[in-house]
Amino acid sequence: MHPSDLILAFAGLVAGLLSGLMGVGGGFLLVPALAIAGWKMTSAVGMSLVFVTVMGLAGSLSHIKRGNVDWPIVKVAAVPAVIGAQLGAFGSAGLPGWFLRAAFAGVLLYAAHEMTRPLPAATDGQVSAVASAGLGGIVGVLSGLLGVGGGVLLVPGQCRWMGVPLKRAIGNSMALVVLTGVAGIAGHLAFGHLDVGSGAWLVVGGLVGVRLGLWLLRWISPVGLRTWFAAFLVTLAVLMIATAALRAPLGLT
């Protein structure tokens, strides 16, 4: 094992740990961690999508067995989500790295804001097809462009804008994360942004981390965890903005 593979496995372990604790994809950790470490943003995004897709597949299978996936919502959101992921992957190849870093920081700040807000009560009524398609498209673009699975956006988006109960929102999110992830990976493969071997080490570490996170969750307060995680996201956002500001004048990615 090369030392860089060990570092990737450890990064996957930490991202998986947070995924198990918070129920979100590891992209929110992996992309800024790899970018701050000096990786090109396009490579960091591609690597993150591999990780997020595998984690999403494992989670979605569990939610399907429990009946937590609302297939009418997923089917309507799937097409714009997949198209959006392809467009995002294409767009990432033509945008400067400093811009992608700044955009990612904005998503991190939004996610931190959502972590500190209570979710509204579910209405469990008829869900608008337009709302489902619109949310799928937005998250698809962000997935392909920034390498995030979309869980932090999909779950509160469904709860706030569509009145979907939390458990079903999480199940729907997991299913859509897999679809957008596969589409985004295909796009990044076409542009040569992926190192499949390195991605495997990320996944191995992530699978171990998820199990550890689920085990630790039994002894950690959810409220305190959300507050800590929000502060963590803000810190990552500040670091991303700082690196974008430093690299932009030099023309670095």
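On a predicted model such as this, the values are computed, not experimentally measured, just so you know.
Ser173 OG to Asn68 CG: the interatomic distance, rounded to the nearest 0.5 Å, is 12.0 Å.
A 4.5 Å side-chain heavy-atom check between Leu146 and Leu100 finds at least one atom pair inside the cut-off. Between Arg101 and Ile241, the closest side-chain pair of non-hydrogen atoms is not below 4.5 Å. With a 4.5 Å cut-off on side-chain heavy atoms, Val203 and Val50 count as touching. Taking 4.5 Å as the limit, every side-chain heavy atom of Val45 sits out of range of all side-chain heavy atoms of Leu145. Between Phe99 and Pro96 the shortest side-chain heavy-atom distance falls below 4.5 Å. Looking at heavy atoms from C-beta onward, Trp71 lies in side-chain contact with Ile64 at the 4.5 angstrom threshold. Side-chain contact check for Leu108 versus Val234: every heavy-atom pair is 4.5 Å or farther apart.
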Q.
Before you tell me yes or no, could you show the steps for Leu30 and Met47 under side chain to side chain contact (heavy atoms under 4.5 Å, CB included), namely the whole-Å CA-CA distance, both residues' side-chain angles and the distance that decides it to 0.1 Å?
A. CA-CA 8 Å; Leu30 285 179; Met47 292 285 285; over 6 Å; no
(Q) Working note: Ile73 + Val164, criterion side chain to side chain contact (heavy atoms under 4.5 Å, CB included); need CA distance, chi angles, decisive distance, verdict. (A) CA-CA 10 Å; Ile73 293 178; Val164 177; 3.8 Å; yes
Q) Under the side chain to side chain contact (heavy atoms under 4.5 Å, CB included) criterion, do Val139 and Leu176 qualify, and how do the steps go? A) CA-CA 9 Å; Val139 171; Leu176 285 168; over 6 Å; no
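Annotation: salt bridge (charged side-chain N to carboxylate O under 4.0 Å, His left out) contacts involving residues 67-84, sequence neighbours excluded, comprise Asp70-Arg168.
At least one donor-acceptor pair closer than 3.5 Å links the side chain of Thr53 to the backbone N or O of Leu49.
Of all non-hydrogen atoms in Ala11 and Leu202, the two that sit nearest each other are CB-CD2, 4.2 Å. Gly184 and Ala85 get closest at one heavy-atom pair: N-CB, 3.9 Å.
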